[in-house]
Amino acid sequence: MWRRGAAAVVEPWMCCSGGGVWMSYRPSVASGAAWLMWILVEVILCVVNVVEGNRSDVSQGRNPDRHKRKHSWRRGSLGEVTCSCVRVRFAEMSLKGRFLKPGDDSNYAEDRSDVEPTSGTSFIFNPNRNLSLQAQRQRLPVFSLRSHILYLLENYQTVVVVGETGSGKSTQIPQYLQEAGWGQDGMICITEPRRVACTTLAERVAEECDVILGREIKYVTEGLLVREMMADPLLRQYSVIMVDEVHERTLFTDILLGLLKKVQRKRKDLRLIVSSATVDADQLFRFFNHNATKDKTKDTAAVVSVEGRNFPVDVFYLQEAAADYVRSSVDTVLKIHTKEGPGGVLVFLTGVEEVDKCVSALREESSRLGEKGGKMQVWPLHGSLHNSDQLQAFLSPPQGVRKVVVATNLAETSITLPGIVFVVDSGFVKLRWFNGQSDALVVVPASQASANQRAGRAGRTRSGQVYRLYKEEDFATLSQATPPEMVRTNLSSAVLNLMALGIDNMLRFDFPSPPPASHLIAALDELFALGAIGEDGQLTRPLGQNMAELPLPPQLAKMLLVSGEHECSEEILSIVAMLQVQNVFIDPRGGQRHIARARQRNFQVKEGDTLTLLNVYKSYLRSGQSSKWCGRYFINFRALRRAVEIRGRMERLLMQCGVEMKSCGGNVESIRRCITAGLFPSAAFLHHSGCYHSVRTSLPLHIHPSSTLYTLPQPQWVIYHEVLHTTQAFMRDLTVIEPSWLLELAPHYYEKTQLGDT
DNA sequence: GAGCACTGC
């Protein structure tokens, strides 16, 4: 184990304030390549397309004025412009939130339109669980549409199925297809975004019918099907492909939809079912309808809606938008608590800070109310909470006590809480947003789909109520759905995958939602720098090809693939696995905090966070992968367990790529060199202004307070894994490096210049 | 002195 050591020695010649040797990014290398010029021409074409085409579903759908938010543009000292989102909480409006029952007061409008079966308020409820399997199947809402769906599939290449959770579409439609004989000339394939959904659905279907799963019906993840396309681009073994949960719009959903549309042109016999929960049916229909004429009989796609199973949810809006939605949600909860009948309350806010604020305000009010106001238990719920603390939100409160859970988005999709009857929706969500260079965390208005999803959390056992902290008119101005990942994330992985599939011209690819051209350029630029793309604009062999094989961000894939040469593949594997999981260190609230910090300090090393993570991983293995050990050191056991799993998978893939498994036996420098070889585009140096500057963009950067290096004397040169813009641009997962390594390991990317040259 | 949430090849 490496221990936290003394400060790094600062060599005077590296100090930028003293002049001397300097390092600069060589933009000429990337932009000078002929293919990049050609791509720029394509970009112009693409931009024209975008302007002419229909992109309203992306970011334009949001009305920035609605929540009186403004963007402030900050100018970096060297001319770079960064965007940070400043939240202004309805500054001009100071009316307090006040809710009444429908009919009590005309100030409050009730809206039941979004509890109609075709929209998003729903929860899974199985009233027929005592019936036989066959009887249960026939009672599912989708059963009445069985022959209609089969008819449409005979006549149209694509059928868009819009239905709620609980309608049974994911388990029943594949069986209808199989019963109708679609499984005879080829397999029926259903894709899901998550692995766990694949296994549970497959098990359920196997239980219900007598087919051999994997022979006639097959559930796969979207990513796996994309991978299958690398071997068989036309997917000849399938007769029908059903893409489920399309509304989630993951990167792979969009890649898959684009690719399947391509396949359809070549394979007229291939049938496609696209199933989605929200109202984006029309967009999907237009995307898959190859009919260019106005003659509806020539349509190649059709839409069918399936009812869900919903308990009614009453929706209330504020007469005036809340000035401070945290305060307003506290008031709303108190109003519910004193005026309404029993039932749990779930509050949706955007972040940990807001959750904590709301929880303490509610606890204060609750104790002020005392016994006469009725008892209230208030629990926070967010991802960085300790496991046992998260559990509190799930437990039933004692008789006569009302449970109030204040949560982040965590409770919207990934977790279902029992006993919730009332939902308080702030109307905002914090999202990760790629700005062309780095990711930012921005607070944005939640979409209509998201609002409906939140509303659906009210009342699993009976009808519920949702209180939205904005005006009814404002609901219509919200975007229909959260923007797909494709338009708001770093695209380097997606581009690499598409290139491995033979899509050479990314800008001409038929994306369901075209990403910004600048994001594509940034991705191509990064891949070129990493050597995954050659001068000819093609994927390089074997490096680029192998990078596409690894399910990792390209920089980490590169780092792994060169780790054999640096004789530290064992260590780099562990580091990469640890970088893939979040919240390794638990940060408890209250008195335990300093104990946790002190124990976690055992793992810290002066070389940075990556090596600290390696330390944690090795120590965890030495503990026998013990959860007790994790508890003692305030290490997230689940995260470590996942890291072990990821590492195993990566190791197998890496060996397939022909990389030798070697350990450097504690030679930290070779590990740091290897990290530099992968992450070199993300280098920063300590500027005389006191903060760091990115070598590539001169963007001012700061060490994230969670970093090992935050409390140590600042090293001159660092490499980071990612930058996250919140209050400032923070570098995370740092490694201390020598600048000479940049020249040595990435001579095509960096050149030595004298101060003043840049 | 700061941490939205996931997932996957």
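Numbered from 1 within each chain, the chains take letters A, B, ... in sequence-line order. These figures come from a predicted structure and were not determined experimentally.
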> DNA chain B: A:Gly223 or A:Leu724, which has the more 5' nearest nucleotide?
Replying inline: A:Leu724
> Which one, B:dG1, B:dC9, B:dA5, comes nearest to the side chain of A:Leu410?
Replying inline: B:dA5
> Could you state the CG-P distance from A:Leu556 to B:dG8, rounded to the nearest angstrom?
Replying inline: 18 Å
> Taking all non-hydrogen atoms of both residues, which atom of A:Leu679 and which atom of A:His721 are closest, and how far apart?
Replying inline: CD1-CA, 4.1 Å
> B:dC4 P sits how many Å from A:Glu412 CD, rounded?
Replying inline: 15 Å
> So what does A:Val352 hit on the nucleic acid, given a heavy-atom distance under 4.0 Å: a base, only sugar-phosphate, or nothing?
Replying inline: sugar-phosphate
> Between atom CZ in A:Arg647 and atom P in B:dG8, what is the gap in whole Å?
Replying inline: 20 Å
> Taking the side chain of A:Arg194 as its heavy atoms from C-beta onward, which of B:dG3, B:dT7, B:dG1 lies nearest to it?
Replying inline: B:dT7
> Quick check: does any side chain N or O of A:Asn435 sit under 3.5 Å from a backbone N or O of A:Ser438, one acting as donor and the other as acceptor?
Replying inline: yes
> B:dC9 phosphate, OP1 or OP2: any side-chain N/O from A:Arg649 under 4.0 angstrom?
Replying inline: yes
>> Between A:Thr489 and A:Met486 (side chain of the first, backbone of the second, donor and acceptor by atom type, cut-off under 3.5 Å), is there such a pair?
In response: no
>> For A:Phe603 and A:Tyr633, take the angle between the two ring planes, folded into 0 to 90°, and tell me which bin it lands in: parallel under 30, tilted 30 to 60, perpendicular over 60.
In response: perpendicular
>> Can you give me the closest heavy-atom contact between A:Arg468 and A:Ala455, atom names plus distance?
In response: NH2-CB, 3.8 Å
> Please give, in whole Å, the distance from B:dC4 P to A:Glu353 CD?
Replying inline: 9 Å
>> Does A:Arg593 reach a base, just sugar-phosphate, or nothing at all? Heavy atoms under 4.0 Å.
In response: base
> Which listed nucleotide (B:dC4, B:dC9, B:dT7) is nearest to the side chain of A:Leu441?
Replying inline: B:dC4
> Excluding sequence neighbours, so at least two apart, what forms side-chain contact (heavy atoms from CB on, under 4.5 Å) with A:Ala532?
Replying inline: A:Leu496, A:Leu527, A:Met547
>> If I take atom NE2 in residue A:His594 and atom P in nucleotide B:dG1, what distance separates them, rounded to the nearest angstrom?
In response: 20 Å
> What pairs of residues pass the salt bridge (charged side-chain N to carboxylate O under 4.0 Å, His left out) test when at least one of them lies in residues 433-447 of chain A, not counting sequence neighbours?
Replying inline: A:Arg432-A:Asp439
> What heavy-atom pair brings A:Trp433 and A:Pro483 nearest, and what distance separates the two atoms?
Replying inline: CH2-CG, 3.5 Å
>> Give the residues of residues 580-588 of chain A touching DNA chain B, defined as any heavy atom closer than 4.0 Å, sorted by residue number.
In response: A:Gln580, A:Gln582, A:Asp587
>> Using heavy-atom distances to pick each residue's nearest nucleotide on DNA chain B, tell me which of A:Arg488 and A:Arg227 is more 5'.
In response: A:Arg488
>> Testing A:Leu272, A:Thr191, A:Ile255 one by one against A:Leu260 for a side-chain contact (heavy atoms from CB on, under 4.5 Å), which residue passes?
In response: A:Leu272
>> Does A:Thr221 reach a base, just sugar-phosphate, or nothing at all? Heavy atoms under 4.0 Å.
In response: sugar-phosphate
> Given B:dT7, is OP1 or OP2 found less than 4.0 Å from the side-chain N or O atoms of A:Thr250?
Replying inline: no
> Please give, in whole Å, the distance from B:dG3 P to A:Glu354 CD?
Replying inline: 13 Å
> Between B:dC4, B:dC9, B:dA2, which nucleotide has the shortest distance from any of its atoms to the side chain of A:Arg597?
Replying inline: B:dA2
>> Just the rounded figure in Å: distance from P of B:dC9 to CG of A:Leu491.
In response: 20 Å
> Can a side chain N or O of A:Ser706 be found less than 4.0 Å away from OP1 or OP2 on B:dG1?
Replying inline: no
> Counting side-chain heavy atoms from CB outward, which of B:dC9, B:dG3, B:dA5 is closest to A:Pro551?
Replying inline: B:dC9
> Hey, does A:Leu552 reach any base, or is it just sugar-phosphate, or nothing, if we go heavy atoms under 4.0 Å?
Replying inline: base
> To the nearest angstrom, how far is A:His704 atom NE2 from B:dA2 atom C1'?
Replying inline: 5 Å
> Base, sugar-phosphate alone, or nothing: which one does A:Arg642 contact when heavy atoms must sit under 4.0 Å apart?
Replying inline: base
>> So if I take every side-chain heavy atom of A:Asn497 and compare against B:dG1, B:dC9, B:dC4, which nucleotide ends up nearest?
In response: B:dC9
